[in-house]
Amino acid sequence: MSRDVMSRDRVAWSDARRAVRYRLEAGGVEWEIAPGRTVRGYGFNGQVPGPILEAKQGLPLEIEFTNRLPEPTVIHWHGLRIPAAMDGTEVVQRPVQPGETFTYRFTPPDAGTFWYHPHANETEQLEKGLYGALIVRAADELALDGEKILVFDDLRVDRSGRIAKFGGLMDRHNGREGNVRLINGTSEPEFAIAAGQIERWRIVNASSARYVRLSLGGHPFQIIGTDGGFIEAPVPAEKVLLPPGDRVELAVGPFAQEGDIVGIDDLPYYRGTGKKGVERFGTIRIGPRKASTARLPPRLREIAPLVTGPTSVTRTVTLGFRPSLRRGFDFVIDGERHHHDEPVNVGELQVWDVVNTTQIDHPFHLHGFFFQVLEINGQKPAFRSLEDVINVPPKGTARIAWYPDDRPGMWMYHCHILEHHAAGMMAHFEVKRP
Ligand SMILES: [Cu+2]
């Protein structure tokens with residue numbers, strides 16, 4: 001059965017009671033990473049990435065999830081500010097066993113670019129292909145001349161053409177980076193855009209450990225959104241860094257020259273380990289010129305600052321590295337693997353210093369709440385935004401502020417390099433009503 005047929009068959013969309021419903025099934029898949037080249041992986045509804053889930057801001061979303069994997073799993077809705085019980089981690093639900101079905105029900109409160117992925121045995125389940133984009137559309141969605149959704153990933157394929165086995169302590173330390181670069185599950189695909197037009201590109205980095213420093217052949221683009229939706233105004237740029245788990249929205253174009261081929265490249269970035277040159281993820285073919293009706297507003301939204309003026313830090317979260325006799329080493333938080341952090345009270349503004357005591361970068365991810373970045377190593381960020389992933393540089397500090405609204409329950413934060421999370425760099429904490 002072709003992947004297309006399976007995805008059409010199994011994804012149900014219905015407007016009944018104005019809820020949006022999907023059926024998702026995780027299972028084994030022959031993943032065609034390039035024409036005629038397949039690997040045995042895991043997919044949602046028989047495809048990698050899983051189907052693009054489209055929700056509407058403020059309308060209920062229901063996802064009936066069935067596990068056809070040979071192992072338990074849970075599905076996390078990365079970036080969505082939903083009730084704790086629907087966060088899809090093993091702290092808030094019993095893992096979905098092989099053959100079982102669990103229905104996730106929630107109402108996405110924010111428009112933006114999100115994604116979904118397992119929160120169990122992530123280093124294997126995501127590497128094998130279990131991830132997909134989740135787009136929450138606003139009623140007055142900004143439409144440019146077109147839209148593309150690009151999910152970046154890299155895959156390590158061994159000499160025999162299979163997904164490589166986990167590389168032991170080296171991978172545990174560096175995270176698993178791949179030798180095959182994928183956009184939307186395909187090795188180095190080609191995209192088309194008409195000369196003269198401007199498109200809205202939604203980008204997700206679903207890699208286990210790779211930092212994508214995205215460049216479109218050096219052509220300028222505009223950053224219009226990040227993890228939590230629009231930023232306040234478009235920001236011109238020629239490159240943008242996406243650590244694992246991160247998202248960005250861009251206004252891409254206009255390109256002048258019909259017939260040009262433009263690279264979608266990952267520029268060198270040193271994250272304290274590994275070394276890579278410019279690596280190609282895909283290309284853009286500039287097609288015949290078309291008229292543009294795109295109007296990019298100079299102001300996209302207002303983001304009220306959570307902190308104005310001097311503030312005191314309410315918590316310090318320390319990301320660390322520690323030798324271990326049994327495991328070689330661990331990645332820890334406040335000196336503890338799989339840390340249990342102090343509770344947070346609903347309604348009490350949080351100002352956290354996330355301190356990285358190690359020699360390598362760590363992308364800090366907070367579940368269920370957006371934060372604003374106040375400072376990185378004492379420097380204010382270039383623009384205000386809502387984030388759920390922020391890179392914390394080696395020996396550096398990210399100061400973030402977030403507001404626990406009334407969604408009590410167990411939440412977590414962790415490094416989004418999947419191997420670091422597995423090696424202990426994560427914490428649970430409770431948000432509770434005072
Ligand atoms: Cu890390």
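Everything numeric in this text was worked out from a predicted model, so none of it was measured. Atoms within each ligand, like the ligands themselves, are counted from 1 in listed order. Computed from heavy atoms alone, side chains included, the values below leave out hydrogens, waters and symmetry copies.
- Side-chain contact check for Asn45 versus Tyr22: every heavy-atom pair is 4.5 Å or farther apart.
- Excluding waters, the set of protein N/O/S atoms under 2.8 Å from the Cu ion (ligand 1) reads His362 ND1, Cys415 SG, His420 ND1.
- Qualifying salt bridge (charged side-chain N to carboxylate O under 4.0 Å, His left out) partners for Arg162, counting only residues two or more places apart in sequence or in other chains: none.
- Taking the six-membered ring where tryptophan is involved, the planes of Phe281 and Phe152 are tilted, since the angle between them lies from 30° to 60°.
- Counting only heavy atoms from C-beta outward, the side chains of Phe191 and Lys148 approach each other to under 4.5 Å.
- Contacts of Tyr104 classified as ring pair (Phe, Tyr, Trp, His ring centres under 6.0 Å), with partners at least two apart in sequence or in another chain: Trp77, Phe102.
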In a table with atom names and distances, give each donor-acceptor pair under 3.5 Å that connects a side chain of residues 245-252 to protein atoms at least two apart or in another chain.
residue: Arg247; atom: NE; partner: Thr113; partner atom: O; Å: 2.9
residue: Arg247; atom: NH1; partner: His78; partner atom: NE2; Å: 3.2
residue: Arg247; atom: NH1; partner: Asp227; partner atom: OD1; Å: 3.4
residue: Arg247; atom: NH1; partner: Gly245; partner atom: O; Å: 3.1
residue: Arg247; atom: NH1; partner: Asp388; partner atom: OD1; Å: 2.9
residue: Arg247; atom: NH1; partner: Asp388; partner atom: OD2; Å: 3.4
residue: Arg247; atom: NH2; partner: Asp227; partner atom: O; Å: 3.1
residue: Arg247; atom: NH2; partner: Asp388; partner atom: OD2; Å: 2.7
residue: Glu249; atom: OE1; partner: Arg200; partner atom: NE; Å: 2.7
residue: Glu249; atom: OE1; partner: Arg200; partner atom: NH2; Å: 2.8
residue: Glu249; atom: OE2; partner: Thr113; partner atom: OG1; Å: 2.8
residue: Glu249; atom: OE2; partner: Arg202; partner atom: NH1; Å: 3.1

